[in-house]
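Keep in mind that the numbers below use all heavy atoms, side chains included, and drop hydrogens, waters and symmetry copies. One-based numbering along the sequence shown.
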Amino acid sequence: MVARRKVAVVGVALSDCGRVDDATPYALHAQAARRALADAGLDRSLVDGFASAGLGTLAPIEVAEYLGLRPTWVDSTSVGGSTWEVMAAHAADAIAAGHARVVLLAYGSTARADVRAGRRTGTLSFGTRGPLQFEAPYGHTLIAKYAMAARRHMIEYGTTIEQLAEVAVQARANAALNPEAMFRTPVTVDDVLAGPMIADPFTKLHCCVRSDGGAAVLLAAEEYVTDCRTAPVWVLGSGEHISHSAMSEWPDFTVSPAAVSGRLAFERAGVRPSEIDFAEIYDAFTYMTLVTLEDLGFCGKGEGGAFVEKGRLRVEGGELPVNTDGGGLSAQHPGMRGLFLLVEAVRQLRGECGDRQVRRVDGSLPRLTVASGTGGWFCSSGTVVLGAG
């Protein structure tokens, strides 16, 4: 039996992102994968594990074939936006157990370009089979599900629409420091409140942008770290949890599945939320950020509104910088964005983020971070704790 090995993220990359009208999703997968391999300095022949979801009839077989890979370990777990944190956890376990040596996670989407070209519509349904058949007739869209959950939090804890708007304002402030972000012009709370209503209480700026783009992350066993050109970022602990599909089966709209995945990740990593230097949190909507901060233990249940309104999420002057690249609200959001959280987390720990680089109080680079992805309408969560090498 192979002894369990330590696992590190050794390569990360994004493809071209934002407005990409002349590429296919396969091309974005490949571009991100090539860049991640170059970032790590490892030869493609070492990759014996591959994980991907969301593209192809036999995902991830079609994508692996396109990339010229013949993996002996594969994962196609698809749980929405949290897919990539869950896959990273599975890959780390496989490497630690000796089932793989180097695993590539890759994603690419032309969600924005497809809408513009008429290849799909902006209101594409998840379908009406299974439990969804009991909600679809009432026009209960994905955005409406999140909006309803946010309204429950407002009623239960007195959270205000201005506090939710602060999440968007601070995400944009971080994006202003990121030259690759789609939207960088600062916004105010009044700007957020004055936008067109999408699903009460969410106006436009409470909702994520729609973009094109891809990302890739390379994980490797500890013995390959010395062969890499980058400093390792260690996978310290992870957790995953699923909650519900039908909204009627969600016990409490104010508690996300991150309450379980986060607890497991911190326990397995042997660290406390108070030790985390910054956080990358899935933010398809402002409420996702607020409630996930509560459920990861950065503040008490119902205290998220007061927590975010004090500017704590900003790279510049924030106590807990969150979504340091601008997040899905301002930087990019090409569908299942969870892999982008891991890319940004690793770059921050390696000190590669330029004007948006997080620093500790003493000026040193951050040492610990957490990436937490959410899928569906708070249906699933994957949380990963990472530490600098």
Side-chain angles (χ1 to χ4, degrees), residues 2-16 23-56 58-78 83-109 213-235 238 336 338-347 349-350 352 371 382 384 386 389:
V2 179
R4 291 186 67 82
R5 301 176 290 185
K6 291 174 62 179
V7 179
V9 178
V10 296
V12 297
L14 300 182
S15 72
D16 295 344
T24 68
Y26 289 95
L28 296 179
H29 276 81
Q31 187 181 56
R34 285 195 300 269
R35 291 175 178 177
L37 283 164
D39 183 57
L42 288 180
D43 190 89
R44 188 180 68 174
S45 62
L46 290 173
V47 177
D48 58 353
F50 181 65
S52 186
L55 183 64
L58 296 172
I61 299 173
E62 289 184 22
V63 180
E65 182 179 65
Y66 186 88
L67 299 179
L69 299 175
R70 296 293 183 268
T72 55
W73 181 91
V74 67
D75 188 6
S76 61
T77 300
S78 183
T83 290
W84 307 103
E85 283 67 37
V86 171
M87 282 184 172
H90 295 177
D93 286 344
I95 293 170
H99 298 161
R101 58 194 179 198
V102 178
V103 175
L104 173 67
L105 280 60
Y107 176 67
S109 169
V217 168
L218 205 65
L219 298 96
E222 58 183 311
E223 59 264 33
Y224 294 98
V225 165
T226 55
D227 297 327
C228 297
R229 57 174 297 274
T230 55
V233 169
W234 300 102
V235 179
S238 64
M336 297 188 295
L339 200 53
F340 292 76
L341 308 181
L342 294 170
V343 172
E344 178 68 10
V346 170
R347 286 177 168 175
L349 290 176
R350 297 195 316 205
E352 300 172 347
V384 180
L386 299 171

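- Interatomic distance, CG of Asp93 versus CZ of Arg4, reported as 5.5 Å (0.5 Å rounding).
- In this structure, OG on Ser78 lies 11.5 Å from CG on Leu55, to the nearest 0.5 angstrom.
- Taking every heavy atom of both residues into account, Thr230 and Ala40 meet most closely at OG1-CA, 4.3 Å.
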Exercise for the section: Before giving the answer on side-chain contact (heavy atoms from CB on, under 4.5 Å), spell out for Val47 and Leu67 the whole-Å C-alpha distance, their side-chain angles and the decisive distance to 0.1 Å. Expected result: CA-CA 11 Å; Val47 177; Leu67 299 179; over 6 Å; no
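- Counting only heavy atoms from C-beta outward, the side chains of Tyr66 and His29 never approach each other to under 4.5 Å.
- The shortest non-hydrogen separation linking Ser238 to Ala89 is OG-CB, 3.2 Å.
- The minimum heavy-atom distance linking Ala371 with Leu342 is given by the pair CB-CD2, 3.8 Å.
- Between Val7 and Ala96, the shortest heavy-atom contact is CG2-N, 3.8 Å.
- Side-chain contact between Leu341 and Trp84 is absent, with no heavy-atom pair separated by less than 4.5 Å.
- In this structure, Leu105 CG and Thr83 OG1 are separated by 10.0 Å, a value rounded to the nearest 0.5 Å.
- From Ser52, atom OG reaches atom CE of Met87 across 6.0 Å, with rounding to the nearest 0.5 Å.
- Asp48 is not listed as a side-chain neighbour of Trp73, based on a closest heavy-atom distance of 4.5 Å or more.
- Heavy atoms only, all atoms of each residue included: Val12 and Arg350 are closest at CG2-NH2, 3.8 Å.
- Counting only heavy atoms from C-beta outward, the side chains of His99 and Thr72 never approach each other to under 4.5 Å.
- At a threshold of 4.5 Å between non-hydrogen side-chain atoms, the residues Leu386 and Leu349 count as touching.
- What you find for Ala59 and Gly54 is that their closest heavy atoms are CB-N, 4.4 Å.
- Note that CG of Leu28 and OG of Ser109 are 8.0 Å apart. Values are rounded to the nearest 0.5 Å.
- Using a 4.5 Å heavy-atom cutoff, the side chains of Leu46 and Tyr224 are in contact.
- Taking 4.5 Å as the limit, some side-chain heavy atom of Arg5 sits within range of a side-chain heavy atom of Ile95.
- In this structure, NE2 in His90 is found 6.0 Å from CG in Asp75, a value given to the nearest 0.5 Å.
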